[in-house]
Structures are given as structure tokens and as C-alpha cells.
Amino acid sequence: MSGYDDIPFFDDEDPTLKKAPSPGPKSGHAPTGGIAARAMAARDAHRAPDYLAGLNPEQREAVETLDGPVLVLAGAGTGKTRVLTTRIAHILATGRAFPSQILAVTFTNKAAREMKERIGMLVGGAVEGMPWLGTFHSIGVKLLRRHAELAGLRSDFTILDTDDVVRLIKQIIQAEGLDDKRWPAKQFAGMIDTWKNKGLDPAQIPEGDARAFANGKGRELYAAYQNRLKTLNACDFGDLLLHPIRIFRANPDILREYHQKFRYILVDEYQDTNTAQYMWLRLLAQRSQSSGRASVPAEGRASDSWPGDVSPAPAQASAGRRDTAVSANEKQQINICCVGDDDQSIYGWRGAEVDNILRFEKDFPGAKVIKLERNYRSTAHILGAAGHLIAHNEGRLGKTLFTDRVDPDDGKVVVHAAWDSEEEARAVGEMIETLQRPDRNGRRHNLNDMAILVRASFQMREFEDRFVTLGLNYRVIGGPRFYERLEIRDAMAYFRLVCQPADDLAFERIVNTPKRGLGDTTIRNLHDYARARDIPMFAAAGEIIETDELKPKARKALFDVVTDFKRWQALLETMPHTELAEQILDESGYTAMWQNDKSAEAPGRLENLKELVRSMEQFESLRGFLEHVALVMDAEQNEDLDAVSIMTLHSAKGLEFETVFLPGWEEGLFPHQRALDEGGRAGLEEERRLAYVGITRAKRNCHIWFVSNRRIHGLWQSTVPSRFLDELPEAHVEVAESDQSYGGYGRGGGYGQSRFDKQEPFQNSYSTPGWRRAQQNKTDATRDNWGNRSGHAVERIGYGESGPRARTIEGELVAKSTTTEPSRFAVGDRVFHLKFGNGNVAAVEGNKLTIDFDRAGQKRVLDGFVERV
DNA sequence: AGATTAAAAATTTTT
DNA sequence: TTTTTAATCT
């Protein structure tokens, strides 16, 4: 992308005029018309265009239903992307719209990229002519660049990432004279994000939310933050959606232009849309509703006013606004098609509203709902297990995936038990090694086709450790990203300041990096100077060096910085941007700083900087590159290496693997305690959808693990198998007999027997304190907060026989327990622990014991887990 | 300015 | 318990 100044306002013509469409954005690629022409040629060549061949009837219906609103409920592995891309190809091929008349939104850049590629494959050639295919945010930027002045911004506004936002908020909190330790900027940034996800501006946030932060100053701070953004000519991610919404509401004529422009709207992963995205879509798609429908109120009060706006109302309801020409232009209706899967909605915690998809038919009367249930990915066992599990959710539209595939060799989903996370990792590692070896047919299972999907990232470490010792290749997906690294962010700050001298955040980041003797005092001076005159820091620096406000040393240093930047700014238009970038990094002393750094990371950082400059080559300008980085924060992984993938369940959505390992299926971890505490039943259902996502990633093999002991925050805790295990159907699941010497729950498939066969556990395997306690916990876990940080429930439950107790009283006792309540143990006691065996109590701290174990050495455990011997 | 020490967090993440 | 970040001290 070359930037934003070369986008013609409306770069297309009405196809009915039979004019050749104008070329797309300047580039050396084929004109946009080429795609449509080729697609049409493809259509004419065969009676049924070959891009439709191979679609099943439902998919085909989803592709060919071009008029009116369509909701495609696409289950996991049912060809969702195929439908989306084929539908676009079909629209183009039938001449229904020009590429630039199709708005197609995704959530991630990856999805957008994939769609572009696949449309290109269908239609032939690169899809340069689809300027409106992209993420919500990238399309938001595009809209906002065009109409920036209506949001009080200039069109060259900066996009701040999370890090910038937090630093900015910290400044604001300090400026308000608040203690930034007591009121962490990060937390407030999160709150703002939540509000923006709901489409709320400072005046609209709930009173309770406003009071919750900084002694009731929440609303003020939010407003101050927005003001600051405006003076900085900057936007955060939320604004990229909210500003266009405000602009559309305040300027019906502009909105109308987009109504005329976008004939077809397609939305990917609709179940993940948040309220703001929903508002945005509704504004753009409102013509797709029957012409008599009321338009959206211009000044929606809050998100909850929105859902109320669904009942049909006469067209006159929108009188007073200027977008009443709906019925006059029936032919130009906008056809929205949303594709999603309510069972895969796993982002509720960041504002996604499952309700958006559940409510689709109400929002868009006359909508056609098409279910895709034929699965092309997994075995019948995997689908059976996943389907039975997800059926425990209440709030769903209801789909059942099926497959025609019958293969007696297909294995069931396997549930394994292990003592602790270390053995879990060892067992998984061993299984991977076994799979990797050639089988009797001489085929080996590639590591690339295996994945370990964890609930929380702290689970990853144990696998990594194990794989390092095994010498097994692995790759972690979704760790810290390239553009979030310190050196990259520093370098970017230099580039930003060169392109946008008003970028104070960038200025402050690098004025004294590398060290130039511009310490706190100088910066504060400069800051005051800038504030007093209401000018950017860089401009202030330029002025202050003319005065004698600063000490000579600081003045000289600042003078050097300013002249450097002025020189680079002058070179911006003439010098090739990669060269300029290199020059900036060299002349600023930034490269030298790392060359002189003898720490272990320094060489890697220099390498990253080189990589950064290299990656700029594919952009036309420094500015274009900056825009890319702001929105596209991902770096590619090395695909050549054969390696096991380790990632969270969240980042696994949309992926598939031959074999999937799902460790950590224990109450408290999965479902996660916090999801339960904070989300209640809805939280549990979301966790269950996560489990569903996990299982449905597997094409052939799915192995689930649970352990009986896990260390959480340094304390060993006994754990209970996840309730989700109970929700798996016996017919599609088998319990691993025993993993050799491991298996806390004993040989003979303790888990399976006790859970599936409802038999009494074997006396010898299950009479241990851990098991008895686990059973106790199990009953409690279903209705109470079990095993959280206070060790509360554990303490309360203790041993099964610790007697009757009043919960509240116990709770109070426990609250003070670290100091007041005498422990049942004393230093020197001989104790037994399920995992570590026998040992002597070395120290007692409330309910936490430090024990010298005979075999395992010194460990800290909760006293509920040991027994006096 | 750099090193040491103390304190805080440890669910999930995109843009 | 561990890891990371911030603040304070030298």
C-alpha cells in the first residue's frame, strides 16, 4: 500500500453503464476490470462455472443467494472460507458488482490475506481490484483518512498501538495528580478498550464504570485521553471504528455515498463482532433491510439502545434525517452476508457479542439462514466427541456436524491421565516421538501436522523444556511479536518522528535513546515549554534551543537531535526509504548503541533491526510502511522447519492438524476458574466452546490429557479432571489404559471406570488422600470457587473428614489464616504427600508448608495435600 | 547511569 | 515459585 493520499474517492463506475471500470490504485498490476472480465469469461466457458463445481448443495446455496441478507452458519471444517471466496468470485463473474463495490471484512490480517489469495486463485491473477477487502480496522483507517477532518483529525493521523496508549494514559493520570501506582494505566487502557468495543464515548459510559476508577474520575480521564489524542492527531484502535461511526451518523450524505458504493457486504467470523463493529456494519448495511425499516438513531445513547432498534417501523420514522431515499432505490439494495459459527465464539472477554449472530434474523428480517454442517476435516469420532460436548451449551443456534467418511482405522478421542504437568509433557513428548517414527507402511507423521493446544500460555513452558531435552523441534505460535520488540519499537519511533514531527510519544521514546544526556530535568522542562505553548514537543525542542532555558550541555544535545531530525525529514522526499531508514539508525547512534552492548540479546536485536529494514523494501514509502506496521503486527514463521506447534486454544481457531494434543483438562484451568468466577454460566459456555474449538482442530487424532497435580503460582495443588471430560460421549472416546508407570489415577483406566462406567473406584488406587480430596473437590467445584489463589476452598475442604463446618465462618478464618489460625501441622511432623512421598515439615506458614521430602527435596505445598503419618 | 533490590503478577488477544 | 518490571540507591 502506497499510502492514503492516492485513493480516489469513488474509483468505480456503475456496471450497468457498461463502461470499462477505471483502473484501481496505481500499481503495476492488471486493471480491476481484468478480474471481472476473466471471471466472466470463466462463467461463459462452461454452463455451470467451474468455480461452483465441487460445492455441496448448502455451500452452493450460500454462494448463489445473492439477494437479501444471508447468514451462513458454518461449522468447523465445513468450507467457510471457500464459500466466502467463491461467493465473491460469483458476484464478480455474474457482473453483479465491480470489485470495488464489494466490502469484505475480516478480523485478522491473516484471514484477509488468505481471502485475497483464494479469490485470486478462483478468478485468476492478483486481486488488486478489491480495495475494500480487509480487516475492520484497516477499512476503518481507509474511511477515516478520507474524512479525517470530520473527526477533528488531519488525514495523516498516527495510529497508536497498545504500548503507546498505555504510556499516554500514564501521563494523563500523572497530570491529574493521581497516583499512577494505585491506578495503573494498563488497567485503565483496558477499560477504555472495553468501552470503545461497546461504542461508548466518555459521556455514554455507565456511571458505575466511571466511578470504579481513580475515585470516580474515570469519565474525566477518558475525556482527557480523547482530547489528548486529538491534539496529538492520533487514534487508538477503537477510534478506527468509532470515528467512522460518528461520521456516518453525523453526515447522512456521506453515509449515503457509501450505501451507493457497496453493493455487497461480506463479514467473516461474524460471531466475533463486538458492539462497535456491529453498529458500523448496521450503518453500512441498513439499506439491506426491508425499505420500511427505521434507520439507526443518529445519537445512539449506548450500546443497549441498539438491540431495541430492531422492530420494523415506517419509513417516516427516519424523516428528519436525510437518508430517506431508500424506497426510491430498491435495486441498489445492499446485500449483507455474514459467515460465522456461534459454537466458535471464544472472544466474549474482549467484547465480542455472540448475541450478534444469534439475533441476525431479527436484525435483518427475511434473512436466509444457511447451515453448513458437512465437515471435510475430521473423523466421525472427533466430530461425535465435539458435537456431544458442545450440545451441553444452551445459548446456541444448534448445528450437528457430520461426515461421510468411514474408516475403521480411525481412532477414538483418547483421554490420558498423568501425575503432574511434567509427566504430562513427558508423555506427550513420547507420543510425538512414536508418531514421528515411520509406521509399518513406512509413513511418518510430520511434526508440522501436530499441535499442542493449551488453555493458558504458562502451560507451554513445560512442553518447551521437555522438547528441548528431547531435541524435538517445536514452534510457539502467538508469542511476543516482532513489532513489539524493544529495538523495533525504538526504531519505529525514529521513523514516526521523521514522518510526523508532532508525534510526541515517539519523541519522548527516543530523545534520550541512545543516551544523550537528556535526562528527566531537561525533558520536564521541554514538556512544560511545549504544554505552555500548546505545540508538539519536537517543535518545542526547536524553539527552546534558541533560548537559554536549558543548561549548555543539554542544549547542545537537544540541538543535535533537532538538526538530525530536520535533516532526515528533508531527505524523506528524495532518498529511497530503506536507505534513509538505515541512515537514521546509523546517524542517531542507535545501531552503535546495540553494537556496544555486550549482553546476550544484543546481536539478535541488531539482526532484528536489519530484518526491519529489509521488510521495508516491499513498501513504496516510509509512510506506507508505518501504516502497515500499525495495523499488521505479525511476522511470518519459518514454514520450512518440521516442528510441533505449541499455541493457545485461542490462537488455534481456524487452523487444523492431523494430530492434536490437548493437555491440562482440569477444573480450574480448563474451564478456567476466572472465566467461571467472572463469567458465570456464560463464562462456562465460552470455555466449552473453546474445548469444542480444540477438539475440532484435529483431523485424525485427538489426545486429551489431565493431571492430578499442578503447580500454580509456585504451590502444588491437587486437581480434578475437567467437567468437560464427563461431557464427552463414551462411544467416541477411549481412556488410555495406562501410560506405563505414570498415571496418577492408576492402572485399569481409573478415570474411565469411575466416570463412564459409574463403578466404584478400586480400593487400592483410590484410597489415597489425593484421590479422596479430589473427589471432595469435585463435588464442590461444580458450585463453588475451588482452588483459587487464597487456597480458600482447599483449606475449607481439607480432608474429607475434617468435619462439618459453616462456610462463612470458615471463610473468615481462612482470610486471616496466615497469621492467626494454627496449622494442623508443626515443624518436624512426619507427613505423606501424594506426589512427593514422605517428608518432614520444615516450616509452617499458615496453610502453606515447607517440607523436606525424602526423595523430592524441599517443596512448598498447601497443607490440605499432605497427611500426617 | 547502571546495578541492585523490591514489588507485582501469573487467562485467553486483534487491531 | 518464578519472572518481569519499576524504583531506588550508589
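Any value given below was found using the heavy atoms of this structure, including those in side chains, with hydrogens, waters and symmetry copies removed. All of these numbers come straight from a predicted model, not from anything done at the bench. Below, read A as the first sequence line, B as the second, and so on, with proteins coming before strands; counting in each chain starts at 1.
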Residues in salt bridge (Lys or Arg N to Asp or Glu O under 4.0 Å) contact with A:Asp490, at least two apart in sequence or another chain: A:Arg509
task: Identify, with sequence neighbours excluded, every residue that meets salt bridge (Lys or Arg N to Asp or Glu O under 4.0 Å) alongside A:Arg496.
output: A:Asp164, A:Asp503
Report the residues that fulfil side-chain hydrogen bond (donor to acceptor under 3.5 Å, both in side chains) with [X], sequence neighbours left out, ordered by chain and then residue number.
X	result
A:Asn233	A:Asp156
A:Thr106	none
A:Arg605	A:Glu487
A:Gln187	none

field: Atom P, compared across C:dT5 and B:dT12: separation rounded to whole Å
entry: 15 Å
task: Could you give the distance separating C:dT4 and B:dT11 at their P atoms, to the nearest angstrom?
output: 15 Å
message: Using a 6.0 Å cut-off, check whether atom CD of A:Glu422 has over 12 heavy atoms from anything other than its own residue.
response: no
message: If you assign A:Thr162 and A:Leu518 each to the DNA chain B nucleotide with the nearest heavy atom, which residue ends up on the more 5' nucleotide?
response: A:Leu518
Pairwise 5' ranking along DNA chain B for A:His650 and A:Asn512, keeping only the more 5' one: A:Asn512
Let me know the distance between [atom1] of [X] and [atom2] of [N], rounded to the nearest Å.
X	N	atom1	atom2	result
A:Gln717	B:dA10	CD	P	17 Å
A:Asp272	B:dT12	CG	C1'	13 Å
A:Phe237	B:dT13	CZ	P	16 Å
A:Tyr347	B:dT11	OH	P	17 Å
A:Lys186	B:dA10	NZ	C1'	11 Å
A:Gln673	B:dT12	CD	C1'	15 Å
A:Arg350	B:dT12	CZ	P	13 Å
A:Lys515	B:dA3	NZ	P	11 Å

message: Does the structure show A:Trp349 stacking with B:dT12, if we require the centres to be closer than 5.5 Å and the planes to be within less than 30 degrees of parallel?
response: yes
- prompt: If you look only at pairs with a residue in residues 668-687 of chain A, which of them pass as a ring pair (Phe, Tyr, Trp, His ring centres under 6.0 Å), with sequence neighbours excluded?
  reply: A:Trp665-A:Phe670, A:Phe670-A:Phe724
message: Can you pull out the residues from residues 678-688 of chain A that lie within a 4.0 Å heavy-atom distance of DNA chain B?
response: A:Glu678
message: Can you see if the side chain of A:Arg674 gets near the phosphate of B:dT11 - specifically, an N or O under 4.0 Å from OP1 or OP2?
response: yes
message: A cation-pi test, strictly: NZ or CZ of A:Arg689 under 6.0 Å from the centre of the six-membered ring of A:Tyr692 and no more than 45 degrees from its axis. Yes or no?
response: no
message: Check this for me: does any side-chain nitrogen of one of A:Lys198 and A:Glu353 sit under 4.0 Å from a carboxylate oxygen of the other?
response: no
Between the protein and nucleotides 1-5 of chain C, list every N/O to N/O distance that falls short of 3.5 Å.
from: C:dT3; atom 1: OP1; to: A:Arg461; atom 2: NH1; distance (Å): 3.0

- prompt: Which residues pass the ring pair (Phe, Tyr, Trp, His ring centres under 6.0 Å) test with A:Phe136, sequence neighbours left out?
  reply: A:Phe107, A:Trp280
query: Which residues pass the ring pair (Phe, Tyr, Trp, His ring centres under 6.0 Å) test with A:Phe213, sequence neighbours left out?
result: A:Trp183, A:Phe188
query: Which range-with-range stems can be found for DNA chain B when each stem has 3 or more Watson-Crick or G-U pairs in a row and both distances sit under 3.5 Å?
result: B:1-10 with C:1-10
